[in-house]
Amino acid sequence: MRKKVIAGNWKMNKLLSEAEQFVETAKTKIPNEDKAESVVCAPFPFLPALVEKAKGTDLKIAAQNMHFEDSGAFTGEVSPAMLKDLGVTHVVLGHSERRELFAETDETVNKKTRAAFNHGLIPIICVGETLEQRENNETMNHIEAQVKKALEGLTEDQVKASIIAYEPIWAIGTGKTATSEQANEVCTHIRKVVKTAVSEEAGNAVRLQYGGSVKPANVDELLSQSDIDGALVGGASLEADSFVQLAEAGAK
Ligand SMILES: O=C[C@H](O)COP(=O)(O)O
């Protein structure tokens, strides 16, 4: 039985005081870690304060991106070593906004995924198709290529520990959710790709999230699908009460 993982991706929102208030409220209300994992993916400047505030609770703090090198002349970048040193546990990699707006490629996502594991960080690897790709029936091939490249060079245990978030780009922040059947169909395909490319065991263990206009009203239906093990949530994760409701759904 795969444990559900609910991650709130705040993107570039909130000020530090608001972020701290969120964690203060959410940290005692989220489900016990044994029942479901609750993760908040916060902007870099908030990470030290939020890790400190969440210490000793079931709430995990994640970053939304990182560089793949340990250190060096990369002005403006943040390394996996820095995140690990702060007490961050997870990192979102290859979000479609990073791919579309900041030239992230399958290759850099792979380098970052390997770097995350080298530093003991769990990657939340994002994949997803555009509306055009869906309409041209290219979804499955596109997702397959993204997944295979992201996992290249990982050990079987690392793949088992990975989280892959399926986020159809046309459903992000648009209010358009993929139907639970559409979301599950792609997640089932991702699991099959992992089974073929890595191993049956890795395919059964890897956790798959759906992301794209998830909210308390539709989360139960999505999480009831056979291959969906969690959600990566943007807008509806910005309010603590809403995030707690989503996390509770993961524990049902
Ligand atoms: O990382 C989260 C996704 O981009 C989904 O965002 P959304 O829930 O606002 O559609």
Side-chain angles (χ1 to χ4, degrees), residues 4-14 18-19 22 26 36-44 46-47 50 59-66 88-102 104 109 112-113 116 121-131 133-134 139 142-143 146-147 150 162-180 182-184 186-187 190 207-223 225 228-250:
K4 299 273 193 306
V5 51
I6 306 296
N9 177 15
W10 288 350
K11 308 190 179 185
M12 196 174 72
N13 288 296
K14 293 192 185 294
E18 296 163 340
F22 178 110
E37 273 179 52
S38 309
V39 184
V40 162
C41 313
F44 290 133
F46 306 164
L47 294 175
L50 299 192
L59 186 63
K60 306 236 171 71
I61 305 298
Q64 299 174 9
N65 180 36
M66 65 175 203
V88 164
T89 55
H90 297 64
V91 58
V92 178
L93 298 176
H95 191 282
S96 61
E97 287 149 18
R98 301 280 335 155
R99 293 178 190 258
E100 287 195 329
L101 305 173
F102 302 98
E104 193 90 69
V109 173
K112 290 179 180 196
T113 303
L121 297 164
I122 302 294
I124 300 176
I125 305 159
C126 302
V127 297
E129 82 284 6
T130 62
L131 187 56
Q133 286 169 324
R134 175 158 284 268
T139 299
H142 175 69
I143 300 288
Q146 284 188 318
V147 169
S162 297
I163 299 168
I164 301 175
Y166 167 55
E167 299 206 314
I169 295 170
W170 47 272
I172 296 176
T174 58
K176 281 187 203 160
T177 321
T179 64
S180 47
Q182 280 174 323
N184 196 51
V186 178
C187 287
I190 294 174
R207 286 183 296 170
L208 307 179
Q209 294 177 318
Y210 166 76
S213 300
V214 177
K215 40 190 182 292
N218 62 18
V219 70
D220 288 333
E221 167 76 16
L222 287 159
L223 294 184
Q225 299 298 310
I228 301 180
D229 311 311
L232 181 59
V233 189
S237 75
L238 289 168
E239 295 300 328
D241 289 345
S242 169
F243 176 74
V244 169
Q245 283 180 54
L246 294 163
E248 281 170 345

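Ligands are counted one by one from 1 in listed order, and the atoms in each one are counted from 1 as well. Numbering of residues begins at 1 and proceeds along the displayed sequence.
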> Relative to the heavy atoms of N9, which atoms of ligand 1 are at a distance of less than 4.0 Å?
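Heavy-atom distances to N9 below 4.0 Å select 1 (O), 2 (C).
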> Under a 4.5 Å cut-off applied to non-hydrogen side-chain atoms, are T174 and S213 in contact?
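Touching, per the 4.5 Å side-chain cut-off.
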> Could you go step by step and tell me if R99 and V109 meet the side chain to side chain contact (heavy atoms under 4.5 Å, CB included) rule?
CA-CA 9 Å; R99 293 178 190 258; V109 173; 3.9 Å; yes
> Out of G173, G175, A165, A231, whose heavy atom sits nearest atom 10 (O) of ligand 1?
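That would be G173.
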> When you measure from the heavy atoms of S213 to every atom of ligand 1, does any distance fall below 4.0 Å?
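Right, S213 reaches ligand 1.
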> Check if K11 has a non-hydrogen atom at a distance under 4.0 Å from any atom of ligand 1.
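True for this residue.
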> Starting from atom 3 (C) of ligand 1, locate the nearest protein heavy atom and write down its residue, its atom name and how far away it is, to 0.1 Å.
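Residue, atom and distance for the closest contact: E167 OE2, 2.9 Å.
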> How about CD on E239, more than 12 heavy atoms from neighbouring residues, nucleotides or ligands closer than 6.0 Å, or not?
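No, CD of E239 has 12 or fewer neighbouring heavy atoms, counting only those of other groups under 6.0 Å.
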> If you measure from each non-hydrogen atom of I172 to ligand 1, which part falls under 4.0 Å: side chain, backbone, both or neither?
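Both backbone and side chain.
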> Can you check whether H95 has an N/O within less than 3.5 Å of an N/O in ligand 1?
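H95 vs ligand 1: N/O contact under 3.5 Å present.
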> Against heavy atoms of G212, which atoms of ligand 1 measure under 4.0 Å?
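So the atoms of ligand 1 that pass are 5 (C), 10 (O).
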> Students often mix this up, so state it plainly: with edges at 30° and 60°, are the rings of F243 and F22 parallel, tilted or perpendicular?
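It falls in the tilted class, 30° to 60°.
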> What pair of heavy atoms forms the shortest contact from P123 to T113, and how long is it?
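In this case the closest contact between P123 and T113 is CG-CG2, 4.0 Å.
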> Who's the nearest protein heavy-atom neighbour of atom 8 (O) of ligand 1, and how far?
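Going atom by atom, the protein heavy atom closest to atom 8 (O) of ligand 1 ends up being G234 N, 2.9 Å.
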> Check whether any side-chain heavy atom of Q209 lies under 4.5 Å from a side-chain heavy atom of V233, and answer yes or no.
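Side chain of Q209 against side chain of V233, heavy atoms only: no contact under 4.5 Å found.
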> Is A171 touching ligand 1 with its side chain, its backbone, both, or neither, if touching means heavy atoms under 4.0 Å apart?
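Within the 4.0 Å criterion, A171 contacts ligand 1 through backbone atoms alone.
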> Provide the closest heavy-atom pair for L246 versus I6 in the form atom of the first, atom of the second, distance.
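Minimum heavy-atom separation between L246 and I6: O-CG1, 3.7 Å.
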> Under 3.5 Å between some N or O of ligand 1 and some N or O of G235?
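Yes, since at least one N or O of G235 sits under 3.5 Å from an N or O of ligand 1.
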> Do Q133 and H142 have side-chain N/O donor and acceptor atoms under 3.5 Å apart?
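On atom types as modelled, these side chains qualify, holding a pair under 3.5 Å.
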